[in-house]
Number of protein chains: 2
Amino acid sequence: MRNDTSSVSTLNWEQYSHLVEEVSVPARTVLLREGDVATNAYFVKKGCLRVWFNNDGKDVTFQFFFEDQGVSSIESFRSGKPSLFSIESIEPSTLWVISKINLDVLIREIPGYQELMQDHILQRMNHYARLFMSHIKHNPEERYLELMAESPHIIRRVPQHYVASYLGITPVSLSRIRNKLMRQKK
Amino acid sequence: MRNDTSSVSTLNWEQYSHLVEEVSVPARTVLLREGDVATNAYFVKKGCLRVWFNNDGKDVTFQFFFEDQGVSSIESFRSGKPSLFSIESIEPSTLWVISKINLDVLIREIPGYQELMQDHILQRMNHYARLFMSHIKHNPEERYLELMAESPHIIRRVPQHYVASYLGITPVSLSRIRNKLMRQKK
DNA sequence: GGGGCACGATAACAATTGTTAACAAATAAC
DNA sequence: GTTATTTGTTAACAATTGTTATCGTGCCCC
């Protein structure tokens with residue numbers, strides 16, 4: 001399996017308005033369905049998204065996107081093969097949508113795109129490496145505390161059962177961990 | 001924390017013998033100690049290495065390297081800052097060692113080094129992403145079975161307690177999982 | 001070949017997590 | 001406003017994992 005969701009570096013999208021379309025969607029709207037071929041890339045203007053795949057009938061959420069982040073299935077986008085995951089809105093969201101064809105134009109228009117992309121991939125590599133290392137060195141409670149410290153916006157805006165999935169535990173277990181931490185705090 | 005061990009793509013090291021030195025080390029030899037600044041990069045000719053860091057007095061092993069793979073702390077190497085992890089031999093090993101200065105020369109001599117590096121980083125990103133996703137979708141037993149299927153050489157050559165650490169569980173638990181799988185097989 | 005060390009299996013017990021189900025509370029849909 | 005749906009909490013029980021300790025084996029070193 002190849003995983004490669006990708007947040008395109010911050011750009012001033014307004015100036016490329018001839019190539020991108022602004023779209024508003026309600027909460028829980030699927031933008032790309034697992035198994036379909038990606039034809040668009042998205043950039044979050046307002047709201048948030050999650051990326052997930054089906055594992056024996058259960059959602060596994062492995063990434064969240066918020067304002068000023070871009071997301072697409074690069075692999076499906078480039079290869080034309082079915083995407084291995086779905087992209088879905090969590091909150092009602094406003095997005096810039098760009099088609100594959102227009103993105104190719106855009107790439108030629110942006111100076112230093114290669115370098116942007118290189119930096120971006122290096123950043124993502126470090127992100128995943130840290131996630132992996134967090135899992136082998138911390139237990140679920142510690143991972144939750146780490147997430148609270150490093151990404152409080154995720155805790156604040158993402159429904160708890162998606163956070164549980166992201167932490168690799170069940171919603172019930174996360175609820176218990178929160179309960180335990182609350183009791184300790186008092 | 002920044003994580004960036006890196007296996008340089010396969011190269012014919014013999015032809016660069018004026019820049020690299022061949023060194024043999026016994027098992028359990030530390031090549032780079034956590035906290036020290038990296039001055040060398042290594043390439044495994046024979047044997048295997050592990051990369052680990054100290055977490056509250058306990059080893060956490062998060063990567064293994066075998067024949068024809070290169071390893072260094074790129075970050076420490078580039079920035080001159082202390083390395084966040086140690087590199088240590090598991091088996092008696094023969095390595096090609098290259099100094100920072102000579103690597104810079106080498107980089108200029110290798111045609112298409114940038115592209116090699118780009119590919120390499122993309123590969124590593126996918127590797128870490130898969131490791132992370134494996135952790136949130138599988139339990140320890142499933143992860144062990146996956147490791148057996150995808151990296152049997154790790155199971156074969158790496159001491160079990162390092163494998164346990166890599167899987168994010170205790171040696172005792174891994175021993176139980178193996179015992180359970182053996183009993184099921186009969 | 002004796003002594004230490006690394007490695008792995010197992011036992012006993014505590015702690016955590018998964019599973020299933022029932023029940024609130026909040027939100028969305030009509 | 002009433003009805004569904006989604007989300008979160010809690011309980012009860014099973015299963016798994018962590019912790020600590022003991023034991024045995026194999027290996028290296030002197």
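Order of the sequence lines fixes the chain letters, A, B, ..., with proteins taken first and strands second; residue numbering starts at 1 for each chain. Only heavy atoms go into these numbers, but all of them, side chains included; no hydrogens, no water, no symmetry mates.
- Among the heavy atoms of the strands, none lies under 4.0 Å from Pro171(B).
- The closest donor-acceptor contact from the side chain of Ser76(B) to the backbone of Ala38(B) lies under 3.5 Å.
- Among dC7(C), dT7(D), dT9(D), the nucleotide with an atom closest to any side-chain atom of His161(B) is dC7(C).
- In this entry the distance linking CD1 of Ile90(A) with P of dT5(D) reads 21 Å, nearest Å.
- As rounded to whole Å, 14 Å separates atom C1' of dT10(C) from atom CG of Leu174(B).
- To the nearest angstrom, P of dT7(D) lies 15 Å from CZ of Arg178(A).
- Among the heavy atoms of the strands lying under 4.0 Å from Ser173(B) are primed sugar atoms or P, OP1, OP2 only; no base atom is included.
- If you measure from atom CE of Met182(A) to atom P of dT10(D), you get 9 Å, rounded to the nearest angstrom.
- No side-chain heavy atom of Val44(A) sits less than 4.5 Å from a side-chain heavy atom of Phe66(A).
- Contact annotation: Lys180(A) reaches the phosphate of dT16(C) (side-chain N/O to OP1 or OP2, under 4.0 Å).
- As a whole-Å value, the separation of Arg156(A) CZ from dG8(D) C1' is 19 Å.
- The shortest distance between the side-chain N/O atoms of Arg28(A) and the OP1/OP2 oxygens of dT6(D) is below 4.0 Å.
- Following rounding to the nearest Å, Ile155(B) (CD1) and dG8(C) (P) show an atom-to-atom distance of 11 Å.
- A donor-acceptor contact closer than 3.5 angstrom is absent between the side chains of Tyr42(B) and Gln69(B).
- Nucleic acid contact for Asn139(A): none, since no nucleic acid atom lies under 4.0 Å from a heavy atom of the residue.
- Proximity of Gln160(A) to the phosphate of dT6(D): no side-chain N or O atom is located under 4.0 Å from OP1 or OP2.
- Within the nucleic acid shown, Ile169(A) comes within 4.0 Å of sugar-phosphate atoms alone, with no base atom in reach, counting heavy atoms only.
- Straight-line distance from the OH atom of Tyr144(A) to the P atom of dT16(C): 17 Å, rounded to whole Å.
- Inter-residue side-chain proximity for Leu19(B) and Val105(B) is flagged as met; some heavy-atom pair is nearer than 4.5 Å.
- In this structure, of dA11(C), dT7(D), dA21(C), it is dA11(C) that holds the atom nearest to the side chain of Val172(B).
- Among the heavy atoms of the strands lying under 4.0 Å from Arg176(B) is at least one base atom, whether or not backbone atoms are also near.
- For the pair Leu167(A) CG and dT16(C) P, the computed distance is 17 Å after rounding to whole Å.
- Taking the six-membered ring where tryptophan is involved, the planes of Phe43(B) and Trp96(B) are tilted, since the angle between them lies from 30° to 60°.
- Checking the phosphate oxygens (OP1, OP2) of dG18(D), a side-chain nitrogen or oxygen of Thr170(B) falls inside 4.0 Å.
- Distances were taken from every side-chain heavy atom of Ile177(A) (C-beta onward) to each of dG8(C), dT19(D), dT17(C); the shortest belongs to dT17(C).
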